[in-house]
**Student:** 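Before anything else, here's the structure in question.
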Amino acid sequence: ERFDEDPFLIFAWRGRDKDELLGGLRSRRGGPPRRAAPHAAAGPQAVPLAEQLDSFWRSGPALAELRVSPRASEVPDALLRELGPAPVELGDGRNLDELLATAYATLAEQAERAALD
């Protein structure tokens, strides 16, 4: 439950605090380091799990208000591109990643069409 309140606690296990982690990420992105901001007042406290066991599996009214617009990735074969050529050549001289890239694009297009219909 403490991680719900402060997800950065998991980094504290590794000896890094929130400001140190965010500063490191900003420096890698080329942004200027920021000074630590004063801690804002805590928001609404989460209800302990033990007090909500009877409603844990119900979505509640917030989910009914959620609106999504599923779209296929602009680069459905991004993972294949990151991995590089597969160590498998097809009978027609193409690499397996070429065949899979076509399949990924087709699957993404069909999934988007099904989600939006």
Side-chain angles (χ1 to χ4, degrees):
E1 290 179 8
R2 295 265 329 269
F3 288 131
D4 288 340
E5 295 171 24
D6 184 4
F8 287 94
L9 284 176
I10 198 159
F11 296 107
W13 284 358
R14 297 284 193 170
R16 307 220 33 202
D17 68 6
K18 177 180 179 178
D19 294 330
E20 180 184 1
L21 175 71
L22 293 177
L25 290 172
R26 283 187 191 99
S27 69
R28 286 178 185 233
R29 291 179 61 200
R34 291 187 186 170
R35 285 186 278 151
H39 293 291
Q45 294 294 317
V47 178
L49 180 61
E51 294 177 19
Q52 55 181 326
L53 291 177
D54 59 333
S55 63
F56 184 77
W57 294 108
R58 284 188 243 130
S59 63
L63 188 59
E65 297 169 7
L66 180 65
R67 298 289 176 248
V68 295
S69 180
R71 300 278 180 210
S73 169
E74 291 181 22
V75 186
D77 63 336
L79 178 61
L80 293 173
R81 291 180 185 196
E82 183 71 26
L83 292 172
V88 177
E89 293 291 326
L90 303 176
D92 61 2
R94 292 185 301 157
N95 191 282
L96 176 62
D97 65 316
E98 295 175 52
L99 178 67
L100 290 175
T102 303
Y104 280 31
T106 302
L107 289 170
E109 180 184 318
Q110 289 179 0
E112 181 180 285
R113 190 175 307 128
L116 296 174
D117 285 344

**Student:** What are the two closest non-hydrogen atoms of Ala86 and Leu96, and how far apart are they?
**Tutor:**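 Minimum heavy-atom separation between Ala86 and Leu96: CB-CB, 4.0 Å.
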
**Student:** Under the side chain to side chain donor-acceptor pair (under 3.5 Å) rule, collect the residues that match up with Glu109, sequence neighbours excluded.
**Tutor:**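 Per chain and number, Glu109 pairs via side chain to side chain donor-acceptor pair (under 3.5 Å) with Arg113.
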
**Student:** When rounded to the nearest 0.5 angstrom, what distance separates CG in Leu9 from NZ in Lys18?
**Tutor:** 10.5 Å

**Student:** Please report the C-alpha distance between Glu89 and Asn95 in whole Å, then the side-chain angles of each, then the deciding distance to 0.1 Å, and finally whether the side chain to side chain contact (heavy atoms under 4.5 Å, CB included) criterion is met.
**Tutor:** CA-CA 5 Å; Glu89 293 291 326; Asn95 191 282; 3.2 Å; yes

**Student:** Just do the side chain to side chain contact (heavy atoms under 4.5 Å, CB included) check on Leu90 and Leu99 with the steps written out, would you?
**Tutor:** CA-CA 9 Å; Leu90 303 176; Leu99 178 67; 3.9 Å; yes

**Student:** Linking I/L/V/M/F/W/Y whenever their side-chain heavy atoms sit closer than 4.5 Å, directly or via other members, would Leu100 and Val75 fall into one cluster?
**Tutor:**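 No, no single cluster joins them.
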
**Student:** Residues two or more places apart in sequence or in another chain: which of them pass salt bridge (charged side-chain N to carboxylate O under 4.0 Å, His left out) with Arg94?
**Tutor:**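 In terms of salt bridge (charged side-chain N to carboxylate O under 4.0 Å, His left out), with neighbours along the sequence ignored, Arg94 is linked to Asp92.
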
**Student:** Of the non-hydrogen atoms in Asp77 and Tyr104, which two are nearest, and what is the gap between them?
**Tutor:**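 Smallest heavy-atom distance, with atoms named: CA-CD2, 4.0 Å.
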
**Student:** Find the distance between OG1 (Thr102) and CG (Leu107) and round it off to the nearest 0.5 Å.
**Tutor:** 11.0 Å

**Student:** I'd like to know if Val88 and Leu83 are part of one continuous hydrophobic network [Ile/Leu/Val/Met/Phe/Trp/Tyr, side-chain heavy atoms within less than 4.5 Å].
**Tutor:**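 No, Leu83 and Val88 fall in different hydrophobic clusters.
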
**Student:** Once you round to the nearest 0.5 Å, how far does CZ of Arg81 lie from CG of Leu79?
**Tutor:**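 Going from the CZ atom of Arg81 to the CG atom of Leu79 covers 11.5 Å.
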
**Student:** Testing the basics here: between Ala105 and Pro76, what is the closest heavy-atom pair and its distance to 0.1 Å?
**Tutor:** CA-CG, 3.8 Å

